[in-house]
Protein chains: 2
Amino acid sequence: MDAKAIKRSFDGSGFRCTPQRYAVMAFLMEHNSHPTAAEIFKAVNRVDPHSSRATTYNNLRDLVQAGLVREVAVEGRAARFDAKGMRHHHFICDRCGNVEDLEWYDVPRPATRSLGKRMLRECELIFRGLCTKCAPRRTSR
Amino acid sequence: MDAKAIKRSFDGSGFRCTPQRYAVMAFLMEHNSHPTAAEIFKAVNRVDPHSSRATTYNNLRDLVQAGLVREVAVEGRAARFDAKGMRHHHFICDRCGNVEDLEWYDVPRPATRSLGKRMLRECELIFRGLCTKCAPRRTSR
DNA sequence: TTAAAAATTTAGACTATGTCTAATGTTAGA
DNA sequence: TCTAACATTAGACATAGTCTAAATTTTTAA
Ligand SMILES: [Mn+2]
Ligand SMILES: [Mn+2]
Ligand SMILES: [Zn+2]
Ligand SMILES: [Zn+2]
């Protein structure tokens, strides 16, 4: 898809555009399913068959640090990843742990007073409940 | 502190009030530091010296399920726990991973349209940035 | 062009966190 | 008191993620 854009974003962060790194980023941009590191590792190696587990994890860590990828921690499950495209919120399913995008809207910031000397970087709004797949079977019990 | 209240909340959830379970809950109510399971295990065994690791984890899982305790997932770190007292938001430090309470205020719900068939249970607002301890040293570099 | 330096990848050992099992102990209620 | 349900335990196991040291690739500079 947007090969040029990916390369440019790597340059901007001081990363070399290696096949392994590129594959991770491209996969994340083509899928909005919030895959886990293990899923990304597997998917990448199905196509471009050479990326080690360590490299996949290293690249994910670097991309998160550089702000190109978002990491979503889900209680009791592996972390999920997300290419940072348009701003959006997340809905996390109580039952299956899936992470889904919800359209973005502005979040009110806390009172300056209550923040004290903390340096606020972002406000993240997370919705929880049952996803479309899980809602029916859970209510009928 | 509120031994009676703890016992009552256990009854309400169908739990027996065992020493191990009580110790976990009491520790969480006396500390607002969002300890990890490992920290709770250690603390509990310093005083009432008998609770296995499995029991600590089991009880935490059960208390979370019953809605008496909240679990906070932090990317790249162990989960943290929190007795659900007054409603509040959380501030998570980018650098040290500490979780701090911030005073509660109402969060706007998403549009019904964008939720589709999902069943919304709660909206969680998480603030990220640098805590009071970490803010100074990070800006002066 | 070539040599040295820097960045990256790799396999697999290792660590951290959490779950499961099967045996044992405890409690509530008939 | 007896019994069934509930709870605890040790330690094996599983999963997710990190680290190390060597090899490879790319960049820089001579
Ligand atoms: Mn997303
Ligand atoms: Mn809290
Ligand atoms: Zn679901
Ligand atoms: Zn901090």
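In what follows, chains carry the letters A, B, and so on, assigned in the order in which the sequence lines appear, proteins first and then strands, with residues in each chain numbered from 1. Side chains included, hydrogens not; waters and symmetry mates left out as well; all remaining heavy atoms used. Bear in mind the structure is a predicted one, so any value in this text is a computation, not a measurement.
Phosphate proximity of D:dT18 to A:Tyr57: absent, as no side-chain N or O sits under 4.0 Å from OP1 or OP2.
Contact check on A:Glu122 versus A:Arg87 returns no salt bridge, with no Lys/Arg side-chain nitrogen under 4.0 Å from an Asp/Glu carboxylate oxygen. For A:Glu71 and A:Arg61, the salt-bridge test fails: no basic side-chain N is under 4.0 Å from an acidic carboxylate O.
Atom CG of A:Asp62 is separated from atom P of C:dT8 by 8 Å (rounded to the nearest Å). The distance from atom CZ of A:Phe10 to atom C1' of C:dA7 is 14 Å, rounded to the nearest whole Å. We find that OH of A:Tyr22 is positioned 17 Å from P of C:dT8, with the value rounded to whole Å. Taking atom CG of B:Leu60 as the reference point, atom P of C:dG18 lies 9 Å away to the nearest angstrom. Between the C1' atom of C:dG18 and the CZ atom of B:Arg80 lies a distance of 16 Å, rounded to the nearest Å. Straight-line distance from the CZ atom of A:Arg61 to the C1' atom of C:dT8: 12 Å, rounded to whole Å. A straight line from CD of B:Gln65 to P of D:dA7 spans 13 Å, rounded to a whole angstrom.
Geometrically, A:Arg16 does not engage A:Phe10 in a cation-pi contact defined by less than 6.0 Å to the ring centre and at most 45° from the axis.
Of the candidates D:dG17, D:dA7, D:dT26, the closest approach to any side-chain atom of A:Ala37 belongs to D:dG17.
Residues that satisfy the side chain to side chain donor-acceptor pair (under 3.5 Å) test with A:Arg109, not counting sequence neighbours, are absent from this structure. Residues passing the side chain to side chain donor-acceptor pair (under 3.5 Å) test with B:Asp62: none are found, sequence neighbours excluded.
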Check nucleotides 9-13 of chain C against the protein and report each pair of N or O atoms closer than 3.5 Å, with its distance, or say if there are none.
| unit_1 | atom_1 | unit_2 | atom_2 | d |
| --- | --- | --- | --- | --- |
| C:dT9 | OP1 | A:Thr18 | OG1 | 2.4 |
| C:dT9 | OP1 | A:Gln20 | OE1 | 3.3 |
| C:dT9 | OP2 | A:Asn59 | OD1 | 3.3 |
| C:dT9 | O3' | A:Gln20 | NE2 | 3.3 |
| C:dT10 | OP1 | A:Gln20 | NE2 | 3.4 |
| C:dT10 | OP1 | A:His50 | O | 3.3 |
| C:dT10 | OP2 | A:Ser52 | N | 2.8 |
| C:dT10 | OP2 | A:Thr55 | OG1 | 3.2 |

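Side-chain N or O atoms of B:Arg21 include none that pairs as donor or acceptor with a backbone N or O of B:Thr18 at under 3.5 Å.
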What pairs of donor and acceptor atoms, side-chain ones from residues 127-136 of chain B against any protein atom, are under 3.5 angstrom apart with sequence neighbours left out?
| unit_1 | atom_1 | unit_2 | atom_2 | d |
| --- | --- | --- | --- | --- |
| B:Arg128 | NE | A:Glu124 | OE1 | 2.8 |
| B:Arg128 | NH1 | B:Glu75 | OE2 | 3.0 |
| B:Arg128 | NH2 | A:Glu124 | OE1 | 3.1 |

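Counted within 6.0 Å of NZ on B:Lys7, heavy atoms from surrounding residues, nucleotides or ligands total 12 or fewer; the atom is thus considered open.
Across residues 71-79 of chain B, B:Ala78, B:Ala79 each have a non-hydrogen atom less than 4.0 Å from an atom of DNA chain C (numbered order).
For residues 50-60 of chain B, there are no salt bridge (Lys or Arg N to Asp or Glu O under 4.0 Å) pairs, not counting sequence neighbours.
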